[in-house]
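The block underneath contains the structure these notes are about, expressed in structure tokens.
Note that the coordinates shown come from a computational prediction; the quantities given were computed from them, not determined experimentally. Numbers restart at 1 for each chain; the letters A, B, ... are given by sequence-line order, proteins then strands.
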Amino acid sequence: MTSTIEYLRNNYLRNDLLPSIFCPGCGNGQIINYVLHAIDELKIPKNNIVLVSGIGCSSRIPAYFDTDGIHTTHGRAIAFATGIKTTNPKLDVIVFTGDGDLAAIGLNHFLQAIRRNIDITVICINNENFGMTGGQASPTTPMGSFTATTPYQSIEHSFNLAFLAKTAGAPYVARWTTAHSREAINSIKKGLKKKGFSFIEMLSPCPVSGKRFKSSHEYINYYLNNSIKYSDKFRDETSSHLFSSLEECFITDHEGKIIIGEIVDIDKPDFHVLYKKLKEAAKNEFWKSRQ
Amino acid sequence: MTSTIEYLRNNYLRNDLLPSIFCPGCGNGQIINYVLHAIDELKIPKNNIVLVSGIGCSSRIPAYFDTDGIHTTHGRAIAFATGIKTTNPKLDVIVFTGDGDLAAIGLNHFLQAIRRNIDITVICINNENFGMTGGQASPTTPMGSFTATTPYQSIEHSFNLAFLAKTAGAPYVARWTTAHSREAINSIKKGLKKKGFSFIEMLSPCPVSGKRFKSSHEYINYYLNNSIKYSDKFRDETSSHLFSSLEECFITDHEGKIIIGEIVDIDKPDFHVLYKKLKEAAKNEFWKSRQ
Amino acid sequence: MSSGKVDNEQKIRFCGLGGMGIILVSVILGKAAIYDGKNALQTQSYGAEQRGTKVKSDVIISDSNSILCPIIDKIDILIALSQEAFDFYLPDVKKNGLIFINSDLIDVNENETYVKIPATSLARKLDNEKVSNIIILGALIKKTNLVSSNSIIHSINNTITKNNREINIKAFETGYNFS
Amino acid sequence: MSSGKVDNEQKIRFCGLGGMGIILVSVILGKAAIYDGKNALQTQSYGAEQRGTKVKSDVIISDSNSILCPIIDKIDILIALSQEAFDFYLPDVKKNGLIFINSDLIDVNENETYVKIPATSLARKLDNEKVSNIIILGALIKKTNLVSSNSIIHSINNTITKNNREINIKAFETGYNFS
Amino acid sequence: MIIKIYENLCKGIKGCGNCIEVCPKKLFINSGNLNKKGYILPKIVDPNQCIHCKKCELICPEMAISVLEESG
Amino acid sequence: MIIKIYENLCKGIKGCGNCIEVCPKKLFINSGNLNKKGYILPKIVDPNQCIHCKKCELICPEMAISVLEESG
Amino acid sequence: MRVNLSRNGDFSIRGEWLKVKKITVDDILIPKLTFATGNEAIVYGALLANCRFFAGYPITPATEILEGMAKYLPLLDDGICLQMEDELSSIAAVIGASWNNFRTMTATSGPGFSLMQENIGYACMTETPCVIVNVQRSGPSTGQPTLPAQGDVMQSRWGTHGDHYVIVLYPNDVQESLSLTIRAFNLADKYRVPVILLSDATIAHTREKLIIPNQKEVEIIPRVPVTIDVSKYHPFRTGFVRPTKVPEMDRFGDEYHTYLTGLTHNWKAYPTPNDQEVHEKLVKRFYEKIRDNRDDIITYEEKYTKDAEIIVVSYGIPSRSALVAVENARQKGHKVGYLRLITIWPFPHKKIYNLSLDIKKFLVVEMNLGQIFHKVNEYSRGNCEVEGFFKIGGKIPTPQEIFKMIKKR
Amino acid sequence: MRVNLSRNGDFSIRGEWLKVKKITVDDILIPKLTFATGNEAIVYGALLANCRFFAGYPITPATEILEGMAKYLPLLDDGICLQMEDELSSIAAVIGASWNNFRTMTATSGPGFSLMQENIGYACMTETPCVIVNVQRSGPSTGQPTLPAQGDVMQSRWGTHGDHYVIVLYPNDVQESLSLTIRAFNLADKYRVPVILLSDATIAHTREKLIIPNQKEVEIIPRVPVTIDVSKYHPFRTGFVRPTKVPEMDRFGDEYHTYLTGLTHNWKAYPTPNDQEVHEKLVKRFYEKIRDNRDDIITYEEKYTKDAEIIVVSYGIPSRSALVAVENARQKGHKVGYLRLITIWPFPHKKIYNLSLDIKKFLVVEMNLGQIFHKVNEYSRGNCEVEGFFKIGGKIPTPQEIFKMIKKR
Ligand SMILES: Cc1ncc(C[n+]2csc(CCOP(=O)(O)OP(=O)(O)O)c2C)c(N)n1
Ligand SMILES: Cc1ncc(C[n+]2csc(CCOP(=O)(O)OP(=O)(O)O)c2C)c(N)n1
Ligand code: SF4
Ligand code: SF4
Ligand code: SF4
Ligand code: SF4
Ligand code: SF4
Ligand code: SF4
Ligand SMILES: [Mg+2]
Ligand SMILES: [Mg+2]
């Protein structure tokens, strides 16, 4: 009898590419694990899946899946995905993106796809730095961090991507860390089922470039002990970590708790439904004008 | 005795370029008027002002001011302004941008400058369409509008830029229409005085390309009768117009009321203060390492 | 030197203000020429900055079927719908060129041999001031026979939205029958 | 053909695993050569994908002052700090090339004439396993006189952060005095 | 009160007309006159009724209206 | 319970060690052994204590752990 | 009619509701004889070529192409038109959609074309067919947004980083705007390469006679689908089923699993960014699949070259002045020839070389400061003089000006 | 040390606080004799050239330049380094900051360089001095991110839309990386033009001997400030105070009011996008201010060309193999010469032409599929054979390979 994990690997992954190029303890592997569970539990046919990514360590994820996949250019994954999903709305399109790919160079496409409510699932592997290029600050790097480009500490505020997604109008938004395996799998499943844009932000270890900790288990430990569930009581929509008020990020040490949980879960017509209706209206008008 | 308006024109504008290229009734002229009042009332020295813009009708505004000005490329005004302000924090840098320039191609730079809290004042002349290219839909065009690129009505949701600015962390955010002259002037003054990023969104008539109404006075009338002051009771952070709930935008006619008012007014250290401190710390560390 | 086979080319310029239907009328003419089996080419001044000011639209009509060069220096026929545009483009007309004006809006010397059409008044009689462009077109065709009336009617039908076809055809006939 | 003036060039390769200080030691050597008035050039294998696996760093030292060609086919001296890297790069060594190994980590045939340094054990004795790279460097300099010891010390002082200078100099001396 | 309309600057009440819209005293009306550019100008009916609110001055996109207290 | 560690896939407890961290029963420990790539492997102390929570299987970035109920 | 969106996104159509019958391209494109602009002709050509996805961002003087596609594509059952947030995303969406077996297009002008450069390279690297229209305006930078120029001719070949190859076509009238658009799609699919269709502000906005073919008269050369057994499939396997350097092309969503990357990749599509041989083979194949087929791809128009002493070389809108000038000069007894490039890249170097052997001079007429001039100069190999007549600033060289240049010697 | 931000953004420094003394570039750049990479040398060169603003975005193999600037610029009183959100904004910030009379720089590699193209054209149009470093990696697209190539040489000249001109320099070792960086800033200021400094992954990451000059030994040719009376000032007035085609340059924040636009503009800087003459004059001046000064701008290295039958033309990293090959061939009696381009653009066409008259063959060695080859081909005018040795895939042509090519005939 094959174990679940062996079955998942054999059934969904390109085994000849394993082990991955990811560093020991890298969270990208955990994301693969969680997405596989989600896909399998939902019984999504492999032929129906298209995985899209930009550039970065996390963007190398699709290569490992034995499905259609497209590793695009830095920051543009969601724009590619928009072309793919709109021309074949039946596909299950999942975007893998890093915090640099999504929140630095690619932020615009992210928010515009949310605005259009394109029915894709975007998973941001937020390791709070540019992993692939060697640990530079990203827009989600907590203020005060030492990185390769902030040798005297970062003085830039960071984005809370989940809250930006909410404000832009995403119907499903969740935020977890890789320590929250089951919750992450469930959110990915919900995201895949959601009609419309779904966004799952995953705080993820990068022990090699990010270097907050030297090894993954320290991250996992930190995540488990320093996260707090989102609720109306604990919301500060301007920071990726939790502060009871904006000022707190200046008076306390720079790291608050990590907000996790489901941030949005609403229903809202997606682009594809509306476009179909639009076409009907357009055709109707055409024939009327030709009468 | 010269009148105020004559004094303002003669003192601040390049009279040899007047009248402007703007269409009759265009709101861009009103913005010039309001900004002149604000600058004059604050007694900001002309030599200290740098006006920055992207591409679009609204981006032609700086040409009319007899100050330093830079009419850059489409969407990039705020990135240029970042270079200008950080290398000379004493300058008063004002960015004029359209809804296309800011919310379509330029959205990323807008949010990143907010994140960094660059001390500039950004005025978005939101005429809810691409005026210069002839009235195409923009990311702030209300859903359901007919435009040159949405001949069968727009099916895309629109951004509420003020709320995006708030979520990204801007310390000063206000939203008015050009019908709110005095309020606008006051907000521009507040924005100019604010240490840190200030954002003033101005709903503005475009009778020629936007064509919601054929003439400016109809816009003014509409603005005065259909705007409502922002408060916690009336906030829906996903739409540029007001709906009591998200669903309302689908069940009612597509246009709700326009939210106006001051959305954010807080204090928060700006980039330039922090960078100065950073330099001190860096120098300190340098000399220590050389001991 | 001309922009093609010299002899069989006619260069016509419509001019006026934005909103007067200058481009529309030129397109109707060009299309009609095509329907007549001729060749035609239309260009217009186009500029983001030229809102609300003068508009011109040039049509070249040729008997040959070869490609035409879109560059125009001198024009054979000028049709002016506003004073400003008229004054501006008058110098471009060839010696002995034909000139049509909307005499309701353009003041000219009495002795000038321009074709003067009170297009605005005629249009008002049709209860639609907007069709003065087509009224002048009628007069132009009558006088020059540049293209056949049938083709103009056909062209109007293919260019103008259903609701407005009838009034435009009426306008054309009004202009055609004027004088 | 060589990559420059044939005779006065020495090509040295350091190899091992990430984290072993391969690049650091090669830079210290190259810098020392410069201080000796020689010319030097250092390149490394660099790849986003080569994390956690083997690392190599090549140094060319030359007496001439002209520019060196960075292409290396055969090496004169190999310094190997890990088995995997050793196995991989051994074939690149010239006939009669010199080979230095960390004998604590690399198994080789007893009869091989490699210079075997128990660098890890020696480093442990200094209470700092990390300096095994510098220990081997000491042995290398002793054996080859590639550069002067003084220049190495100078180079260490200019390359390594204050706190760690002393231990590294000690390590160099340990290697130098070993055998 | 002197209310001045700079006729060379005004772009006309057809596309604009903001002054007519905002004056609380309804002092602006269509003058029927065209300026050189062909724009239809507004005119003032009774400057004495003006309450000096300056709404017209502020709302004008062409900065073509000035409201000045007579004393000057 | 059979808990299997795929040794060729594991990237070692030094950089990772997640399994050790998350097992509620603390069943993973340092084995002291290296795999071919030189990574230090974990090992299982007492599979019988396993409560089949699968936390280890899920948290492993290399999908290198399988937890299988013995009956199979 | 006014469409209103209801809560679930249902449209409720106010007014009469008609039975919605399928619409064909032929239904849309009537009458067949019409008077249209170059931009309209490109729209019609795209529809006839089965282009069913367009993504773009407004820019003068290309905007009407987006507007036309936004008007027509929703009428076709499989049509979709997106106005994107910028040109970066427009070309991205176009490449993505191509992998659903759509013929896809975007249209822009200089500033937007510059922004597309990175992803044009990506399309080359993944061998994704697509058509990119660049309606040239006068640059550099914002320049003269409404006026014509030919300043992007070198950029269209060399604008992205790294060695790559594209095909570039350039019509000189409205009818050809339609036919070359169709050809652009055919070449894109045949060679799996982005095809750039250059136009300029004048062609774009000039109305001329346009004869619109029926759908069935239009030759479509579709991309070759994958037919091989799934187990033997690899995305970049060439020469396996057919003796060609162009791999067969899969689509997303079927049983073949295709992975694409902008990294250097082997025939399995696996990233191999450190493999010299794989890279060399891959990138050389990109060159060869175009260069080996130059005869199929290159077209030009040639007149009076047989006995010519001077040959005027031109392309795009100034070629119309050039032809008038040449014909006038011929009438006046000058031995002048006319060569108009229709395919700009790959460049017809053999043609230039062969002509150079027998003539005294090439006169290259361009609306830039000399771009194709340098190619003519290169391939004439010193056999004849090469002179340029360059005019910028948005005005087209006139027949008179060119005639003067011809007469000069 | 650990810095902590307090409520008002005050730093409280944990640990000892030292008197903060001003730091000079000479303080930073010791020792003067060192062993550094090409990227480090560019950082040092920029500091010595008085570059005080850097904005960039990480990308292999250029990232160390950003990291170096982030380390050193905060130490200098007027230094500022920004990590931007992308390359589009990096070049924008660099152009903006230049107008505060800062010497400004950005650094990137192929993909980022492609994204910068639109604003490089803007810098040309507004005549804004700035330095753009492109550390080339192997493309197209993401390609081989860590490996060297020379695929962006044509792009560096033609990458933006519209006619424009830039200056492009390319060192071949670490020392020259420093000196050409300084020269890049001087040329940028002297001619008010963006200067592109090409490098490649190998030069960038190779360590060599580097002698760092003292600040006072470095020649700085600053931009010429405006001195004219305010009332007579117009931003693009040339030839008024000095007989040059380069306008004097104002800075923001003084009593001269300068308006800049990417639209075609007259000497007052007013937009005149419909004026043919103004455009022609403006853009031709951009060309002429470079072309008239070719002798000042163009540099190359020449060896053994006097009696050569074959001349090897190369630049950048492969020129080092080329020199070895040439010297070996000379030793073996082959009449071979060596020409290394240091200024790539403007291209030294006269030099090539003159050499072509006396030799049998040019052998152009490049790490691309032939780019500068075409320029050599063009300007040799058929006087001699032109052969290319092109190697791609991230490996440098070896002396042996080049020697073989030399021997071939
Ligand atoms: C246009 C462009 N700019 C820069 C790069 C270099 N680059 C590659 S990955 C990366 C950052 C990746 O960060 P992130 O998205 O957070 O991914 P991670 O590696 O952390 O998973 C950058 C800047 C690039 N490939 N393309
Ligand atoms: C890169 C680029 N893409 C497109 C354009 C064309 N363009 C000019 S203005 C404009 C839209 C302007 O809209 P907005 O910012 O709302 O300004 P408005 O004219 O409405 O004031 C566009 C798309 C351009 N100039 N550059
Ligand atoms: S650098 Fe960080 S993100 Fe990249 S593979 Fe290594 S651990 Fe993962
Ligand atoms: S098009 Fe609209 S925004 Fe532009 S000038 Fe006219 S009214 Fe103003
Ligand atoms: S100041 Fe006020 S009352 Fe007086 S005219 Fe103006 S709007 Fe009317
Ligand atoms: S508001 Fe100003 S521009 Fe408008 S109509 Fe009145 S005076 Fe004229
Ligand atoms: S399944 Fe649970 S209890 Fe069993 S080994 Fe894994 S983590 Fe431990
Ligand atoms: S979690 Fe997996 S990869 Fe990590 S140490 Fe345990 S078995 Fe190895
Ligand atoms: Mg990251
Ligand atoms: Mg707008």
Side-chain angles (χ1 to χ4, degrees), chain G residues 88 109-111 113-115 117-118 121-122 124-126 136 138-147 149 151-152 154-155 157-164 261-264 273-280 283-284 286-287 368-369 371 374-375 377-378 380-383 391-395, chain H residues 88 109-111 113-115 117-118 121-122 124-126 136 138-147 149 151-152 154-155 157-164 261-264 273-280 283-284 286-287 368-369 371 374-375 377-378 380-383 391-395:
Chain G
L88 302 160
S109 188
F113 193 59
S114 288
L115 291 175
Q117 291 305 327
E118 189 196 5
Y122 182 82
C124 293
M125 194 62 155
T126 50
Q136 291 168 100
S138 170
S141 196
T142 315
Q144 305 178 292
T146 64
L147 299 183
D152 310 350
M154 283 296 278
Q155 185 194 24
R157 169 68 185 87
W158 296 105
T160 196
H161 60 282
D163 292 294
H164 67 286
T261 176
L263 285 165
T264 294
N274 295 321
D275 191 322
Q276 198 256 330
E277 274 171 47
V278 167
H279 184 86
E280 184 161 11
V283 178
K284 282 202 173 154
F286 298 161
Y287 265 60
N368 55 43
L369 290 178
Q371 300 197 5
H374 290 288
K375 298 310 289 181
N377 202 27
E378 177 179 356
S380 59
R381 305 289 297 125
N383 299 325
K391 188 167 172 188
I392 60 170
K395 289 222 170 125
Chain H
L88 303 161
S109 187
F113 193 59
S114 288
L115 291 175
Q117 291 304 327
E118 189 196 5
Y122 183 82
C124 293
M125 194 62 154
T126 50
Q136 292 168 97
S138 170
S141 196
T142 315
Q144 302 178 294
T146 63
L147 300 182
D152 310 350
M154 283 297 277
Q155 184 195 25
R157 169 69 186 87
W158 296 105
T160 196
H161 61 281
D163 291 295
H164 67 285
T261 175
L263 284 166
T264 294
N274 295 319
D275 191 321
Q276 198 254 332
E277 274 172 45
V278 168
H279 184 86
E280 186 162 6
V283 178
K284 281 200 173 155
F286 298 162
Y287 265 60
N368 55 43
L369 290 177
Q371 298 197 6
H374 290 287
K375 299 310 289 180
N377 202 26
E378 176 179 355
S380 60
R381 305 292 294 127
N383 299 325
K391 187 167 173 188
I392 60 170
K395 289 221 170 127

Would a distance-only check, ignoring hydrogens and angles, find a side-chain to backbone donor-acceptor pair under 3.5 Å from [X] to [Y]?
| X | Y | answer |
| --- | --- | --- |
| R381(G) | N377(H) | yes |
| H279(H) | G139(G) | yes |
| E118(H) | S141(G) | no |
| H161(G) | P140(H) | no |

Any chance you could measure [X], atom [atom1], to [Y], atom [atom2], to the nearest 0.5 Å?
| X | Y | atom1 | atom2 | answer |
| --- | --- | --- | --- | --- |
| W158(G) | R157(H) | CH2 | CZ | 13.5 Å |
| Q276(G) | K391(H) | CD | NZ | 5.5 Å |
| L88(G) | S114(H) | CG | OG | 11.0 Å |
| K284(H) | I392(G) | NZ | CD1 | 6.5 Å |
| H164(H) | L369(G) | NE2 | CG | 11.5 Å |

Please classify the contact of N383(H) with chain G as side chain, backbone, both or neither, using a heavy-atom distance under 4.5 Å.
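Interface part for N383(H): neither.
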
Which portion of Y287(G) sits near chain H, non-hydrogen atoms under 4.5 angstrom:
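For Y287(G), the contact with chain H is made by the side chain alone.
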
Quick check: closest heavy atoms across T264(H) and Q144(G), and the distance to 0.1 Å?
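Nearest pair, atom of T264(H) first, then Q144(G): OG1-CG, 3.2 Å.
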
